Amino acid sequence: MPRTRVPRRTGKPFSVLPAFPAFRALPALGAVRVRGAARRARTAAVTAAAALLPLTMAATAGAPAAHAAAPAAAPAAAGSYNYAEALQDSMLFYESQRSGKLPADNRVTWRGDSDLTDGADAGLDLTGGYHDAGDEVKFGFPMAFSMTMLGWGGIDEASGYAKSGQNTYLLRNLRWGDDWLLKAHPSANVLYGQVGDGGSDHSFWGPPEANPSPRPSFKIDASCPGSDLAGEAAAALASSSMVFKQSDAAYSATLLANAKQLYTFADTYRGTYDKCITAAQGYYNSWSGYWDELVWGALWLYRATGDSTYLTKAETYFAQLPKMNQTTTPEYNWTLAWDDKSYGDYVLLAELTGKQTYVDDAERWLDWWTTGVNGQKVSYSPGGEAFLDTWGSLRYSSNTAFVALQFSDWLTAQGKDASKAQTYHDFGARQIDYVLGDNPLKESYEIGFTNSGKNTKWPQNPHSRAAHGSWSQSMTEPATTRHLDYGLLVGGPGSADDGFSDERSNYGETEGALDYNAGFSGALAALTDEYGGSPLANFPPKETPDGPEEFLQAAVNASGTNFYELKVQVVNKSGWPARHLTHGSFRYYFTLDPGTSPSQVTLTSAYNQCSAPTGPTQFSGSVYYVTVSCEGQDIAPAGQSAFHREVQFRLSFPGAHDPTKDWSYQGVSTTPGSTPVTVNDMVLYDGSTAVWGNAPSGDGGTPPATTPPGAPGKPTASAVADSSVTLTWAAATPGSLPLAGYQVYAGSTLLATTTATSYTATGLTPGTPYTFTVKAVDTAGNTSSASPSATVTTTTTGTPPGGGTGAACTAVYKVTNSWSGGFQADVLVTNAGSAALNGWTLTFTFGGDQKVGSGWSGTFTQSGQKVTVTNPSWAASLPAGGTVDPGFTATYSASNAAPTGFALNGVACT
């Protein structure tokens with residue numbers, strides 16, 4: 001599947017302006033931020049003006065006409081999310097993107113070693129580093145930018161990383177990327193900037209552990225330079241040198257020495273890298289040129305060294321940065337991203353020099369994202385997303401949010417414009433909250449973010465080869481994503497309307513990338529520092545495979561009274577992690593009839609994708625086996641023809657033979673020509689290790705003793721409603737064979753089989769007690785003993801949640817915006833009962849002639865003055881203590897009197 005990076009602008013060529021005289025460098029390292037105190041001064045509740053900020057933005061944003069009148073959602077209260085957990089997730093995302101030989105401290109159990117020959121074509125070791133996005137290419141330009149941004153967060157938001165317990169993981173992630181950049185820089189004027197070809201890589205949809213070769217290496221050097229790539233790599237290593245200075249001084253010094261050398265290379269030999277690494281074209285073109293990286297790299301080296309020579313270079317080259325059309329004003333209508341560092345340059349120069357001209361440039365840019373410049377600003381969605389561009393919109397808003405939070409702190413610490421500082425801060429917090437769930441879909445766009453257990457909604461179909469785990473090179477097989485890729489920030493809405501299409505093929509909205517999470521992580525650290533939060537314990541939870549990984553399937557091809565012929569498939573659908581089966585073999589066990597010798601049995605094979613079968617070989621007594629070796633065959637989850645091998649063989653006997661007495665015939669599909677089915681009594685080996693199946697016992701009679709799984713934990717009930725309940729239990733301990741899943745019972749009735757450790761039982765009778773138990777089942781169908789039972793009584797239809805008396809809900813009605821003959825409002829509804837509602841309906845009655853136009857976070861209907869709001873399909877459950885805030889726009893001609901008679905599921909609200 002081809003995937004290209006498009007230009008960030010259309011119709012605007014990059015231009016180089018004449019250089020201005022150099023500014024005089026100031027010894028301004030002391031002008032860097034005072035962290036924490038300025039931020040903590042803002043931890044009180046957001047003011048009314050700040051709360052209305054996104055509404056003001058939406059009303060004046062330069063959005064397309066189709067979205068201009070769309071309503072904005074009121075933001076959640078500041079600090080309402082567990083930012084520390086979100087940062088914990090984001091740090092784990094980088095581990096899932098690792099390439100190379102994984103270390104012993106790898107926490108992502110479904111990832112394994114990959115790309116172990118990278119660099120061999122250049123005679124170098126270029127293993128390691130990170131896969132770029134949902135693909136498996138190592139693109140050096142965005143990778144280096146991601147390391148720079150992570151380093152920036154680690155320096156200026158160190159307190160947030162410390163408070164969240166994520167500093168160790170930040171250092172690991174930086175070192176993984178930095179080590180690769182060091183490998184990629186084998187000499188002074190050489191830098192490798194890509195491993196893997198986008199065309200061939202994108203034609204493969206499979207796990208990185210099975211990523212096919214070759215993976216070519218691409219470089220820049222003095223004869224064909226790339227100032228942008230080398231300048232960004234210098235910035236990455238310089239920023240990381242500051243992060244590691246206290247914990248590993250020697251490593252820090254190595255990073256800094258290489259950063260200096262790379263910057264000299266970038267500055268001496270000028271050019272854009274994509275003219276030399278042409279394989280990057282169509283993916284990561286250097287649209288903005290290289291001057292922004294020459295400024296950027298110099299600024300990070302100045303921060304790391306205090307050498308004013310670098311600041312002088314930065315200020316000199318600053319004059320070359322792009323300008324608004326036909327003006328001398330630095331460009332402000334885009335943002336900091338993998339291609340264009342100009343906007344980061346504005347902020348760093350403002351902070352490092354204190355010069356008003358740079359402060360003005362930084363503020364003009366952030367004003368365009370907030371209050372506007374000359375009546376123009378970024379588009380805003382009705383739900384409050386600052387929307388810049390279709391592909392990966394949340395990456396742009398998150399990067400800007402991070403720098404806005406960071407610059408807001410600097411303004412506050414310097415005693416500068418307090419109003420702007422507050423505006424930038426509130427913008428940054430609002431954009432990150434939008435990502436985490438404060439959006440009309442009430443969905444976290446960071447996968448796996450639970451907000452301390454209060455959220456279970458995030459994209460289910462990320463455009464990620466690694467997370468999907470297909471064995472057949474198919475984006476649709478399996479239908480369900482096999483792995484939970486914690487922390488992956490998807491691209492998000494594809495237009496300024498809050499719409500999101502959760503489809504694996506929709507890479508513009510569902511793909512993640514290294515650079516998406518980089519600024520996002522820094523913003524999360526800043527908000528953790530300000531509002532607190534705590535990481536989850538026992539993180540990450542261990543995944544359970546969704547079924548057998550390496551196994552055998554068999555069916556009868558043909559049979560007669562004295563022969564039978566089998567078709568056997570050796571199957572590799574491994575995913576925990578994906579792996580190659582290159583030393584495979586299997587044994588098929590059968591029993592000789594009385595009076596028959598082994599030499600009288602004929603073994604033939606008409607079709608074989610492995611080696612010809614051998615045997616029979618005596619196992620014990622009259623039990624013999626046939627061996628089929630697949631040695632040298634690479635059976636891997638890498639495509640339709642790659643993930644299995646077929647073997648057909650026939651056993652012929654001197655007389656009549658009953659195959660149902662043969663050990664390995666059990667479970668075989670006996671209809672001639674039928675599709676092979678999974679069998680348990682043939683044994684599959686990887687080398688000398690049995691990876692699947694049961695051999696006969698030593699006496700050739702009964703099967704060997706099998707230890708069943710242990711019992712799961714006692715189910716815990718939540719979201720108890722009149723017809724449903726959600727059950728959660730602790731995972732069982734596997735026995736002799738891997739776990740395949742769990743059976744959920746109500747009394748003696750089997751309700752369902754699931755691979756998860758939770759299940760929502762539906763179709764229950766209101767006001768009825770149920771006793772639930774769970775059993776574990778292994779891949780051979782062996783079941784555990786039942787878990788301890790849990791008795792739950794469903795609620796009674798029509799009574800307040802929990803069956804109590806008094807108010808079941810509270811409702812707060814608020815007009816959030818108004819204009820002549822129309823207004824926007826929302827209703828904050830809280831389930832004040834002690835049990836969840838499985839489905840909710842809100843009703844109220846207008847006090848005037850209002851007519852609802854459009855609504856969100858619910859389905860609105862109106863009959864006369866009565867309005868009914870029913871839950872959307874994606875937010876049917878309302879937990880005890882939970883809130884919903886459906887909103888709408890409406891018109892009126894005579895009266896806009898506030899509505900009355902709010903009721904939730906027929907029970908009056910207070």
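The model shown is predicted, which means the values in this text are computed figures rather than measured ones.
Looking only at atom types and distance, the side chain of Asp485 has a donor-acceptor partner in the side chain of Ser96 under 3.5 Å away. Of the N and O atoms on the side chains of Gln609 and Glu646, not one donor lies less than 3.5 Å from an acceptor on the other residue. No donor-acceptor contact under 3.5 angstrom links the side chains of Ser472 and Ser474, judged on distance only. For the residue pair Asp662/Ser664, the side-chain donor-acceptor check at 3.5 Å is not satisfied. In summary, the side chains of Lys183 and Thr127 do present a donor paired with an acceptor at a separation below 3.5 Å, with no hydrogens or angles considered. Side-chain atoms of Asp115 and His131 include a donor-acceptor pair closer than 3.5 Å. Side chains of Thr726 and Ser718: no donor on one and acceptor on the other come within 3.5 Å.
The ring of Phe590 has its center no closer than 6.0 angstrom to the ring center of Tyr665. Note: Trp471 and His644 fail the aromatic proximity criterion, with ring centroids not under 6.0 Å apart.
Every side-chain hydrogen bond (donor to acceptor under 3.5 Å, both in side chains) that Asp121 has, sequence neighbours left out, goes to Ser217.
Annotation: cation-pi pair Arg107/Tyr169 present, NZ/CZ under 6.0 Å from the ring centroid and within 45° of its normal.
Each of Arg579, Lys101, Arg111 was evaluated against Glu209; a single residue qualifies, Arg111, per the salt bridge (charged side-chain N to carboxylate O under 4.0 Å, His left out) test.
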